[in-house]
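These notes concern the structure reproduced below.
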Amino acid sequence: MKRNIVIAGIAVAALVGGGTATALAVTSDDGAAATKPSSVRPADDSRDNDARDNDAGDNDDSQADDGRADDDTTQVTPGKVTAAEAIGSALRHTSGTAVSADLDDKDDSGPAVWDVDVLAKNSTWHSLQIDPATGKVLGSHVEHEDDTAQVRAALKGTSVSAEEAAKAAAAKGTVTSVGLDEDGPSKTWDAETRATNGTEREWNVDLKTAQVTADKSDAGSADNDSADDADNDGSDD
């Protein structure tokens, strides 16, 4: 009876101390002492440690994802230099006729740049990269195009340059591209704008009057946007 009390006391002490209980048992035959581990063990806190480790890992991943999101946001930011200013900078570097300017923000390996195509008087095509933050020419190279005669024919007798077209389209939003549409039935400057809420629209700029009108192919999306807004207003009621 006393032996059972001693064993129980050792087990309780082991539990309080957080270790494994080892009880001392004495056989009734020869009195030899032997150790026997108790079946009582402390609670396993490995799950808590794993949870803490996982939480720490998730925090690291979220911070990395936030960093990448910030980089993407930077990619689509036009910067201080407008499309018109980028064209002007390109023409100061290489004289000729600017035919297009595009904000190249689709390459995740580097920052956004303005790509400006200039047709020189000797019919040589030049592609120039303009820093959207400073307006400086970052680089240029010669390109080979097959539509030189077509471009010159479309621009013959016109009075609105790509730079002027970009300025006119800027009244509709931030211009992200402007280029000559020499293939359509009515030759125009095609411009794309981005609103402050991220909405992108396409416009046509008249080569002689600089009048800006909505691109017919983009008119459907504009109507859909208006319809969606009306539906949303109705749902609020």
Side-chain angles (χ1 to χ4, degrees), residues 75-92 94-107 112-121 123-130 132 135 143-230:
Q75 284 286 341
V76 299
T77 302
K80 298 179 181 179
V81 177
T82 65
E85 292 170 341
I87 293 172
S89 178
L91 292 177
R92 286 191 294 272
T94 302
S95 60
T97 302
V99 179
S100 67
D102 295 280
L103 181 64
D104 184 5
D105 57 0
K106 300 178 177 62
D107 185 1
V113 295
W114 283 106
D115 282 336
V116 182
D117 289 335
V118 175
L119 176 58
K121 292 182 179 180
S123 296
T124 302
W125 286 88
H126 299 267
S127 177
L128 298 93
Q129 292 73 51
I130 310 299
E143 291 188 342
H144 300 282
E145 302 289 346
D146 298 329
D147 58 347
T148 302
Q150 192 174 359
V151 168
R152 291 199 181 282
L155 291 175
K156 185 177 181 180
T158 63
S159 56
V160 178
S161 65
E163 185 175 0
E164 292 168 337
K167 291 179 180 179
K172 304 297 184 179
T174 300
V175 178
T176 56
S177 74
V178 59
L180 178 66
D181 179 14
E182 73 276 12
D183 297 326
S186 57
K187 310 298 186 291
T188 62
W189 290 108
D190 287 346
E192 293 184 3
T193 61
R194 182 181 299 153
T196 54
N197 62 357
T199 303
E200 296 183 341
R201 294 290 306 276
E202 297 180 3
W203 309 91
N204 300 135
V205 183
D206 191 275
L207 292 171
K208 293 183 179 181
T209 65
Q211 181 179 0
V212 181
T213 56
D215 187 273
K216 292 181 179 180
S217 62
D218 192 47
S221 62
D223 293 339
N224 291 335
D225 291 340
S226 299
D228 291 340
D229 292 340

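In this chain, residues are counted from 1 in sequence order.
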Measuring from [X]:[atom1] to [Y]:[atom2], what's the distance to the nearest 0.5 Å?
| X | Y | atom1 | atom2 | value |
| --- | --- | --- | --- | --- |
| Thr158 | Leu207 | OG1 | CG | 5.5 Å |
| Asp102 | Asp115 | CG | CG | 7.0 Å |
| Thr176 | Arg201 | OG1 | CZ | 13.0 Å |
| Leu155 | Thr97 | CG | OG1 | 6.5 Å |
| Ser186 | Asp181 | OG | CG | 7.5 Å |
| Glu145 | Ser123 | CD | OG | 12.0 Å |

For this session: Quick one: do Leu119 and Trp125 satisfy side chain to side chain contact (heavy atoms under 4.5 Å, CB included)? Show the steps, please.
Result: CA-CA 5 Å; Leu119 176 58; Trp125 286 88; 3.7 Å; yes
Determine whether a donor-acceptor pair (N or O, by modelled atom type, separation under 3.5 Å) exists between the side chain of [X] and the backbone of [Y].
| X | Y | result |
| --- | --- | --- |
| Trp114 | Ala90 | no |
| Trp189 | Ala169 | no |
| Asp206 | Lys208 | yes |

Could you tell me if the side chain of [Y] sits less than 4.5 Å from the side chain of [X], heavy atoms only?
| X | Y | value |
| --- | --- | --- |
| Ser159 | Glu164 | no |
| Ser95 | Lys121 | no |
| Val175 | Thr82 | no |

For this session: Decide if atom CG of Asp146 counts as having more than 12 heavy atoms of other residues, nucleotides or ligands within a radius under 6.0 Å.
Result: no
Exercise. Would the number of heavy atoms belonging to other residues, nucleotides or ligands and lying under 6.0 Å from CD of Gln211 be above 12?
Worked result: no
Give me the atom names and distance for the closest heavy-atom approach of [X] to [Y].
| X | Y | value |
| --- | --- | --- |
| Asp183 | Gln150 | OD1-NE2, 2.8 Å |
| Val160 | Ala165 | CG1-N, 3.9 Å |
| Ala83 | Ala166 | CB-CB, 4.1 Å |
| Val81 | Ala86 | CG1-N, 3.7 Å |
| Asn204 | Lys216 | OD1-N, 4.3 Å |
| Arg152 | Ala120 | NH2-O, 2.8 Å |

Exercise. Quick one: do Lys187 and Glu182 make a salt bridge, cutoff under 4.0 Å?
Worked result: no
Problem set entry | Residue pair Val205, Val178: steps toward the side chain to side chain contact (heavy atoms under 4.5 Å, CB included) verdict | CA-CA 9 Å; Val205 183; Val178 59; 6.0 Å; no
For this session: Could you check Val113, Leu103, Val116 and say which one makes a side chain to side chain contact (heavy atoms under 4.5 Å, CB included) with Ile130?
Result: Val116
